[in-house]
Amino acid sequence: MSGLLNGIRHLPGYLDRTRQEALVEVIRAVVAEAPLYVPAMPGTGKPMSVRMTNCGPLGWVTDKERGYRYQPTHPATGGPWPEMPKLLLDIWNDVSGYEKPPEACLVNFYSDDARMGLHQDKDEQDLEAPVVSISLGNSCLFRVGGLNRNDRTLSFKLASGDLVVLGGEGRLCFHGVDRIYPATSTLLKNGGRINLTLRRVRP
DNA sequence: AAGTACCA
DNA sequence: GATG
């Protein structure tokens with residue numbers, strides 16, 4: 001991956017079909033307990049096009065009033081997030097190179113017309129730990145830049161089963177999802193894409 | 001601007 | 001339509 005900051009790794013085909021299917025079942029259970037909701041931008045309250053939920057002791061949330069943050073409870077149900085599934089801990093242990101376990105798994109569901117603007121993951125106190133991103137379902141066009149919003153960016157496709165690890169110099173790089181390619185995977189019966197991001201929040 | 005529109 |  002020439003042109004990318006050191007520490008950004010793309011692992012195409014990391015998960016075989018069987019493990020992808022197992023992960024989808026795990027996420028179904030998470031969503032049953034912690035329903036997907038529509039996050040809102042800080043200040044404006046403008047809704048994002050993705051729907052979100054979390055599992056693990058902490059979850060990333062955003063709303064009009066309080067903005068981006070991690071909290072231990074679901075904003076709609078008020079209950080704790082579902083437990084971090086063992087399958088996700090195994091993946092973290094395999095690729096993160098980090099001692100402590102992840103505290104948050106943000107679950108982003110993209111319908112075929114959803115997108116995610118360029119942003120940095122910088123709401124974590126622990127910036128030594130990498131961010132591990134897992135793609136399931138339809139392919140997407142992923143865009144990665146540098147440490148400044150106006151740095152040149154590079155785009156490439158992510159397919160179901162791919163992993164991206166943002167670590168080292170790349171930990172705070174800008175990134176986003178420009179489009180979903182409809183009908184490029186049979187994993188999710190109703191289309192769309194699921195992205196899972198594992199993060200260590202506290203040092 | 002973790003959003004959207006528009007344009008070359 | 002893809003790309004930036």
Side-chain angles (χ1 to χ4, degrees), chain A residues 1-5 8 10 27 30-31 34-56 58-71 73-76 81 102-127 129-159 162-167 170-184 192-201:
Chain A
M1 305 263 30
S2 69
L4 292 186
L5 289 171
I8 300 178
H10 177 203
I27 296 308
V30 165
V31 169
L36 292 167
Y37 60 93
V38 178
M41 298 291 290
T44 64
K46 187 164 250 284
M48 294 173 59
S49 58
V50 299
R51 292 188 296 153
M52 290 185 176
T53 189
N54 291 267
C55 55
L58 290 172
W60 187 88
V61 299
T62 173
D63 58 29
K64 178 177 178 175
E65 292 76 21
R66 299 174 61 199
Y68 307 154
R69 65 197 187 272
Y70 282 92
Q71 65 177 42
T73 55
H74 190 288
W81 302 108
E103 293 169 299
C105 174
L106 175 60
V107 179
N108 286 327
F109 176 76
Y110 292 77
S111 55
D112 285 337
D113 61 358
R115 298 182 300 165
M116 176 80 74
L118 269 189
H119 67 280
Q120 294 172 296
D121 291 10
K122 59 172 184 185
D123 301 308
E124 303 75 26
Q125 293 169 245
D126 185 346
L127 297 175
V131 169
V132 175
S133 161
I134 304 165
S135 294
L136 297 169
N138 286 341
S139 299
C140 75
L141 185 63
F142 187 65
R143 185 149 60 105
V144 192
L147 301 179
N148 301 106
R149 178 172 291 282
N150 35 341
D151 287 345
R152 183 159 39 97
T153 62
L154 222 146
S155 296
F156 53 96
K157 282 186 186 184
L158 296 180
D162 288 7
L163 252 61
V164 174
V165 182
L166 302 178
R171 173 63 180 77
L172 287 174
C173 71
F174 277 86
H175 58 281
V177 172
D178 284 340
R179 71 165 293 193
I180 306 296
Y181 297 96
T184 45
R193 168 177 185 263
I194 293 170
N195 182 72
L196 308 174
T197 50
L198 300 169
R199 296 103 180 263
R200 178 76 199 182
V201 180

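Atoms considered below: every heavy atom in the structure, side chains included; atoms not considered: hydrogens, waters and symmetry mates. Reminder, nothing fancy here: chain letters follow the sequence lines and each chain counts from 1.
Side chain of Asn54(A) to backbone of Trp60(A): a donor-acceptor contact under 3.5 angstrom is found. Side-chain N or O atoms of Gln71(A) include one that pairs as donor or acceptor with a backbone N or O of Thr73(A) at under 3.5 Å.
Lys64(A) is linked by a side-chain contact (heavy atoms from CB on, under 4.5 Å) to nothing, counting only residues two or more places apart in sequence or in another chain. With sequence neighbours excluded, the residues satisfying salt bridge (Lys or Arg N to Asp or Glu O under 4.0 Å) with Asp63(A) are Arg69(A). With sequence neighbours left out, the side-chain contact (heavy atoms from CB on, under 4.5 Å) criterion links Ala40(A) to no other residue. In this view, Thr53(A) and Val30(A), Val31(A), Ala34(A), Leu36(A), His74(A), Trp81(A), Val107(A) satisfy the side-chain contact (heavy atoms from CB on, under 4.5 Å) rule, not counting sequence neighbours. Residues that satisfy the salt bridge (Lys or Arg N to Asp or Glu O under 4.0 Å) test with Arg51(A), not counting sequence neighbours, are absent from this structure. With sequence neighbours excluded, the residues forming a side-chain contact (heavy atoms from CB on, under 4.5 Å) with Leu127(A) are Glu124(A), Arg171(A), Leu172(A), listed by chain and number.
With rounding to whole Å, Lys46(A) atom NZ is found 14 Å from dA2(B) atom P. Remark: C1' of dA2(B) and CE of Met41(A) are 6 Å apart, rounded to the nearest angstrom.
Nucleic acid contact class of Arg149(A) (heavy atoms, under 4.0 Å, all strands): sugar-phosphate only. As judged by a 4.0 angstrom heavy-atom cut-off over every strand, Asn195(A) is placed among residues making no nucleic acid contact.
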Extract from the structure each pairing of a protein N or O with an N or O of nucleotides 2-4 of chain C at less than 3.5 Å, listing the distance.
{"residue": "dA2(C)", "atom": "OP2", "partner": "Arg179(A)", "partner atom": "NH1", "Å": "2.9"}

For nucleotides 5-8 of chain B, which of its nitrogen or oxygen atoms have a protein nitrogen or oxygen under 3.5 Å away, and what is each distance?
none

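Counting only residues at least two apart or on different chains, no salt bridge (charged side-chain N to carboxylate O under 4.0 Å, His left out) pair has a member in residues 36-47 of chain A.
Scanning DNA chain C for stems, defined as runs of 3 or more consecutive Watson-Crick or G-U wobble pairs whose donor-acceptor distances all fall under 3.5 Å, gives no such range.
Remark: the separation of the P atoms in dT4(B) and dA8(B) is 23 Å, to the nearest Å.
Contacts between residues 59-71 of chain A and DNA chain B, defined by a heavy-atom separation under 4.0 Å, are made by Trp60(A), Tyr68(A).
The nucleotide dT4(B) finds no pairing partner, because no Watson-Crick or G-U wobble arrangement with both distances shorter than 3.5 Å includes it.
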Determine all donor-acceptor pairs shorter than 3.5 Å in which one atom belongs to a side chain in residues 174-182 of chain A; sequence neighbours excluded.
{"residue": "His175(A)", "atom": "ND1", "partner": "His119(A)", "partner atom": "O", "Å": "3.3"}
{"residue": "His175(A)", "atom": "ND1", "partner": "Cys173(A)", "partner atom": "O", "Å": "3.0"}
{"residue": "His175(A)", "atom": "NE2", "partner": "His119(A)", "partner atom": "NE2", "Å": "3.3"}
{"residue": "His175(A)", "atom": "NE2", "partner": "Asp121(A)", "partner atom": "OD1", "Å": "3.3"}
{"residue": "Asp178(A)", "atom": "OD2", "partner": "Arg143(A)", "partner atom": "NE", "Å": "2.8"}

